[in-house]
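Here is the structure we will look at.
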There are 2 protein chains.
Amino acid sequence: MSVDEWADLTPTARTILGFVAQHPRSGYDIREAARRSVSYFWGVSDGQLYPQLKLLAELGLIESPQEDPGARSKSVWHITPAGRAALTKWIRSPSAPLRMRDENLVKMMFAAELEPAEVLRLVDERRKSFEWFAKNVASPGPAQSWQADQKLGSRTTSELLHEYGKQHTENALAWCDQVEEALRGIANDRA
Amino acid sequence: MSVDEWADLTPTARTILGFVAQHPRSGYDIREAARRSVSYFWGVSDGQLYPQLKLLAELGLIESPQEDPGARSKSVWHITPAGRAALTKWIRSPSAPLRMRDENLVKMMFAAELEPAEVLRLVDERRKSFEWFAKNVASPGPAQSWQADQKLGSRTTSELLHEYGKQHTENALAWCDQVEEALRGIANDRA
DNA sequence: GGTCACATGTAATAGGTTACATGATTGG
DNA sequence: CCAATCATGTAACCTATTACATGTGACC
């Protein structure tokens, strides 16, 4: 297995590799962990997860202890030395540019030609989605045992990451207020 | 052509439709406009643009004046009544959830196990990408004639959108500072 | 006449999502 | 033993990206 073979792993495969690197996990564990932490800056869909795990195993980057061919129950993966090397190499290579898909914002861009009420609806939709997000994803949640060693100075990585999500969310909500204020400007003009 | 046929347009096709709705444009114009304005919350790639324009034309949502089959030069598209109806309908329907792909952040999540210098490199990469972004995308640029009527109360839509991008960028840069501060905490401990 | 920006297009492929299918385990 | 959750997998489909191919008009 050459270095070249690591090279064409997808970013999603590498993300999965990262999760296994933190501590041994099953596919299901990874799914749950991804939902809680990375979901807003990197979604991992079911259809990708298991095939990618298989691929990583084939490349010898992760392993599962019991290789019983018949067993279909939970298999816990752990990272191999080769896997750790590949992970490190990935982290050191240049990252793909940020990519976003925010349909609500796109609509906002074109909604100005419609009635103000329409824009208001969009702002409302946006606020709701970010409020949901604040509750379900951007909140720290209970600390995990394996997080203890992930210190970055005084704070853990997951703390900092959640902080980022929280700030982003607050920023988005504040912007909703701004737009509504601008719209209220119209209402006042007519009053 | 039934309403059902509009239904399975991709969000990208609808975005393109939105651009044509603002004022008549060529494919090239749309590409440029998309680069300037929506690029950070909705990328439109070349390979999508022209086929989607063709599709929109086939559905009768946009039209190009001269239909000369031989002509290969610039063709300017404008929206049809059906197109405007489809656009309005789209704007009123629920939006797809926000989706992001931020490889740099993902790496950050797993980099804590490596040396602090590695995290520093990632923060640096992040800062650079957002600084680039602040200069090239999030800045308002010269006002366009067609923007004049896109008022949302006292402010134009594009002003508000740029404001959002600017705030997001500033937030991201501030977060970089926070991470570096946390890292400096380590350095101080060792001093 | 050359070269650069304008302008349009296509083919190959990678990549991701949805929906479906199935089995194992645990608690009531 | 039934339901719910845990757990894994796959096939079909859709979308987007990359790289390439081609032509045009303008300016020097």
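Here is the naming used below: chain letters follow the sequence lines, and residue numbers restart at 1 for every chain.
- Rounded to an integer number of Å, the gap from CZ of Arg14(A) to C1' of dG16(C) is 17 Å.
- Between the P atom of dG16(C) and the OH atom of Tyr50(A) lies a distance of 18 Å, rounded to the nearest Å.
- Side-chain contact, Ser95(B) with Glu125(A): a donor N or O sits under 3.5 Å from an acceptor N or O.
- Here dC6(D) presents its C1' atom at 9 Å from CZ of Arg31(A), a figure rounded to the nearest Å.
- Contact between Leu56(A) and Ala13(A) at its shortest, heavy atoms only, is CD1-O, 3.7 Å.
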Secondary structure of DNA chain C per the Watson-Crick/G-U criterion (both distances under 3.5 Å; [ ] crossing, | other strand, . unpaired) is ||||||||||||||||||||||||||||
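- Between Met100(A) atom CE and dG16(C) atom C1' the separation is 19 Å, expressed in whole Å.
- Rounded to whole Å, atom C1' of dC6(D) lies 15 Å from atom CD1 of Ile30(A).
- Residues Arg184(A) and Glu181(A) are not paired through a salt bridge, judged by the lack of any N-O separation under 4.0 Å between the basic side chain and the carboxylate.
- For the pair Arg25(B) and Trp77(B), the cation-pi criterion (under 6.0 Å, within 45° of the ring axis) is not fulfilled.
- With rounding to whole Å, Leu53(A) atom CG is found 10 Å from dT8(D) atom C1'.
- Atom NZ of Lys54(A) is separated from atom C1' of dA7(D) by 15 Å (rounded to the nearest Å).
- Relative to the ring axis of Phe41(B), Arg126(A) does not place its NZ or CZ within 45° and under 6.0 Å from the centre.
- In summary, Glu163(A) and Lys166(A) do not engage in a salt bridge, as defined by a charged side-chain N under 4.0 Å from a carboxylate O.
- Minimum atom distance to the side chain of Pro51(A) is reached by dT10(D), of the listed dA7(C), dT10(D), dT10(C).
- Side-chain contact between Leu120(B) and Glu180(B) is present, with at least one heavy-atom pair separated by less than 4.5 Å.
- Between Phe19(B) and Phe110(A), the angle of the ring planes goes over 60°, which puts this pair in the perpendicular group of the 30/60° scheme.
- Protein atom CG of Leu49(A) is 13 Å distant from nucleotide atom P of dA7(D), rounded to whole Å.
- The two residues Ala182(B) and Arg155(A) make their nearest non-hydrogen contact at CB-CD, 4.4 Å.
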Review item, nucleotides 14-17 of chain D N/O atoms under 3.5 Å of protein N/O:
unit_1	atom_1	unit_2	atom_2	d
dA16(D)	OP1	Arg101(A)	NH1	3.0
dA16(D)	OP1	Thr12(B)	OG1	3.0
dA16(D)	OP2	Thr12(B)	OG1	3.4
dA16(D)	OP2	Gln48(B)	NE2	2.4
dT17(D)	OP2	Ser45(B)	OG	3.2

